[in-house]
Number of protein chains: 2
Amino acid sequence: MPAPRNEREETVETIQRELTAFSRRARAAAARMHPELSLVSFTLLAHLAEQRGCRATDLAAHYMLDKSTVSRQVAALEHLGFVERRPDPDDQRVQALHPTPAGDEVLAAATARRQAAFQRRLSDWAEDDLDRFATYLVRFNEVSILDDQST
Amino acid sequence: MPAPRNEREETVETIQRELTAFSRRARAAAARMHPELSLVSFTLLAHLAEQRGCRATDLAAHYMLDKSTVSRQVAALEHLGFVERRPDPDDQRVQALHPTPAGDEVLAAATARRQAAFQRRLSDWAEDDLDRFATYLVRFNEVSILDDQST
DNA sequence: CCCCGCGCGTTGTACGGTGCAACCCACCGA
DNA sequence: TCGGTGGGTTGCACCGTACAACGCGCGGGG
């Protein structure tokens, strides 16, 4: 045996490889599936919808994006009529961001298509496996929010 | 109940959300972890190393990238001295791509850092869970190679 | 009371990754 | 021999992104 790699290391490598493989395709797949909403726009809009509004700075922090990037993405979404800015009466600097009805609509459509694709892709999975898979993913991502040194 | 969503649908949605969350960070994380090799370059180079060489077209097909994109990425890698082109004696059109020693080296370094990050992140996982997680990811990605409508 | 520092957001600039279309060149079969 | 096919490159346009510099409103200490 040339390199004393144990089984665990190989398993971790598999996980690393497969997760990477997935991310490589995510952007292009999103473009194919809902061309009107890029992966990033989709994500930001979805966040606004879930949170029932939040500030640009929060988005930047949460997604590890530069605030200028968020500013531009939001500007684009606003220009498309998918996002609305509501100035905070208490602090003129801050604007709460909210999806417009049109934003909700296009988001719902995109979400539906994503969901359908995932449902199809997971259609032959047993319930237990599905549950465990979801649990593992949540657990994996949880860590990264605290310690974000890794992918 | 306003929408009759069953449990399975919600599980699938969780999986969708978590995988997407991961992909969002992948690029930036790669940039932090091995700045000398972007996520895409890393992936392509790793593929060349695994396959012991292949053609640009194969890379494009495998990663759903436009051949022009691959052409440019490969050119960049070549310019950095990480990739070598070997003309096929039987067909002047095709060039087999191979990592150079320098390419192998930088790839090994990047891989080691990625691996370390993943190992750390998964350090407290039980062996069974790790195995199952890996299996699930492989299974999930397998499907997408055949039917690539999703993600 | 005013000024200074800080926090939120925007804008200028630069760069990398991407797709599409047009192209060049080698191969090969009718 | 010639036209179609396939591998690869290049011109172009666009998007997402970071960094730096800035404008502006807020609030606390001279």
Side-chain angles (χ1 to χ4, degrees), chain A residues 20 23-45 48 53-80 82-98, chain B residues 20 23-45 48 53-80 82-97 148:
Chain A
T20 305
S23 356
R24 266 189 321 251
R25 301 179 230 238
R27 204 174 285 248
R32 260 180 295 125
M33 216 175 334
H34 39 77
E36 72 288 354
L37 223 48
S38 79
L39 182 61
V40 144
S41 304
F42 173 83
T43 303
L44 297 184
L45 192 52
L48 295 185
C54 75
R55 305 176 308 161
T57 297
D58 301 336
L59 289 178
H62 195 266
Y63 294 120
M64 293 197 248
L65 292 170
D66 193 84
K67 56 182 180 167
S68 64
T69 302
V70 173
S71 172
R72 276 181 255 266
Q73 291 292 329
V74 168
L77 284 171
E78 186 190 21
H79 188 256
L80 290 170
F82 296 158
V83 156
E84 186 187 34
R85 316 168 105 101
R86 301 192 192 151
D88 183 334
D90 294 352
D91 186 340
Q92 303 279 44
R93 292 170 303 177
V94 36
Q95 330 166 331
L97 303 171
H98 293 268
Chain B
T20 304
S23 344
R24 264 190 323 250
R25 301 178 228 233
R27 203 174 286 248
R32 260 181 295 125
M33 217 174 333
H34 39 77
E36 72 287 355
L37 223 49
S38 79
L39 182 61
V40 159
S41 304
F42 173 83
T43 303
L44 297 184
L45 192 52
L48 294 185
C54 74
R55 304 176 308 162
T57 297
D58 300 336
L59 289 178
H62 195 265
Y63 295 120
M64 293 196 245
L65 291 170
D66 193 84
K67 57 182 182 168
S68 65
T69 301
V70 173
S71 171
R72 277 181 258 265
Q73 291 292 330
V74 168
L77 284 171
E78 186 190 21
H79 189 255
L80 290 169
F82 296 159
V83 154
E84 184 189 33
R85 316 168 105 103
R86 301 190 191 152
D88 182 334
D90 294 353
D91 186 339
Q92 303 280 42
R93 293 171 301 179
V94 32
Q95 328 166 334
L97 304 171
D148 73 347

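Values in this document were obtained by computation on a predicted structure and should not be read as measured data.
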Report the nucleotide, chosen from [options], that has the shortest atom-to-atom distance to any side-chain atom of [X].
X	options	answer
A:S68	C:dG17, D:dA20, C:dC8	D:dA20
B:S71	C:dG9, D:dT9, C:dG17	D:dT9
A:V40	D:dT17, D:dG11, D:dG7	D:dT17
A:T69	D:dA18, D:dG7, D:dG25	D:dA18

So, is [X] close to the [N] phosphate, meaning a side-chain N or O under 4.0 Å from OP1 or OP2?
X	N	value
A:T57	C:dG9	yes
B:Q92	C:dC27	no
A:R55	C:dC8	yes

Return the value, rounded to whole Å, for the distance between atom [atom1] of [X] and atom [atom2] of [N].
X	N	atom1	atom2	answer
A:R25	C:dT18	CZ	P	14 Å
A:R32	C:dG19	CZ	P	10 Å
B:Q73	D:dT9	CD	C1'	14 Å
A:D58	C:dC8	CG	P	8 Å
B:L97	D:dG7	CG	C1'	11 Å
A:Y63	D:dT17	OH	P	12 Å
A:F42	D:dG16	CZ	C1'	18 Å
A:L45	D:dG16	CG	P	14 Å

Original post:
Does the side chain of B:T57 reach to within under 4.5 Å of the side chain of B:V70, using non-hydrogen atoms?
Top reply: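 Side chain of B:T57 against side chain of B:V70, heavy atoms only: no contact under 4.5 Å found.
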Between A:K67 and A:D88, just flag the one whose closest nucleotide in DNA chain D comes earlier from the 5' side.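 Looking at the nearest nucleotide for each, A:K67 comes out on the 5' side.
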Q.
On DNA chain D, compare the nucleotides closest to A:L65 and A:D90; which residue's is nearer the 5' end?
A.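 Closest to the 5' end, via its nearest nucleotide, is A:L65.
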What verdict does the side chain to side chain contact (heavy atoms under 4.5 Å, CB included) test give for B:T69 and B:V40, after you've listed the backbone C-alpha separation in whole Å, the side-chain angles of each residue and the deciding distance to 0.1 Å? CA-CA 10 Å; B:T69 301; B:V40 159; 5.8 Å; no
Fill in: Under-3.5 Å donor-acceptor pair between A:R24 side chain and C:dG17 base
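Counting by modelled atom types and ignoring angles, no donor-acceptor contact under 3.5 Å is found here.
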_Under 4.0 Å, counting only non-hydrogen atoms across every strand here, what does A:D91 touch: a base, just sugar-phosphate, or nothing?_
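A:D91: backbone/sugar contact only, no base atoms under 4.0 Å.
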For B:R72, answer base if it contacts any base atom (sugar-phosphate contacts may also be present), sugar-phosphate if it contacts only those atoms, and nothing otherwise; contact means non-hydrogen atoms under 4.0 Å.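 The answer is base, as B:R72 lies within the cut-off (heavy atoms under 4.0 Å) of a base atom.
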Please confirm whether the backbone N or O of B:K67 pairs with a side-chain atom of B:S71, one donor and one acceptor, at under 3.5 Å?
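Not a single qualifying donor-acceptor pair exists.
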Pick the nucleotide of DNA chain C nearest each of A:R85 and A:R93; which residue has the one closer to the 5' end?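 The 5'-side residue here is A:R93.
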| Over all atoms of both residues, closest heavy-atom pair of A:P87 and A:R85 |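 Minimum heavy-atom separation between A:P87 and A:R85: CD-O, 3.6 Å.
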- Could you walk me through whether B:L37 and B:F82 pass the side chain to side chain contact (heavy atoms under 4.5 Å, CB included) check? CA-CA 10 Å; B:L37 223 49; B:F82 296 159; 4.0 Å; yes
Q.
Apply side chain to side chain contact (heavy atoms under 4.5 Å, CB included) to residues A:L45 and A:V83 and explain how you reach the verdict.
A. CA-CA 8 Å; A:L45 192 52; A:V83 156; 3.7 Å; yes
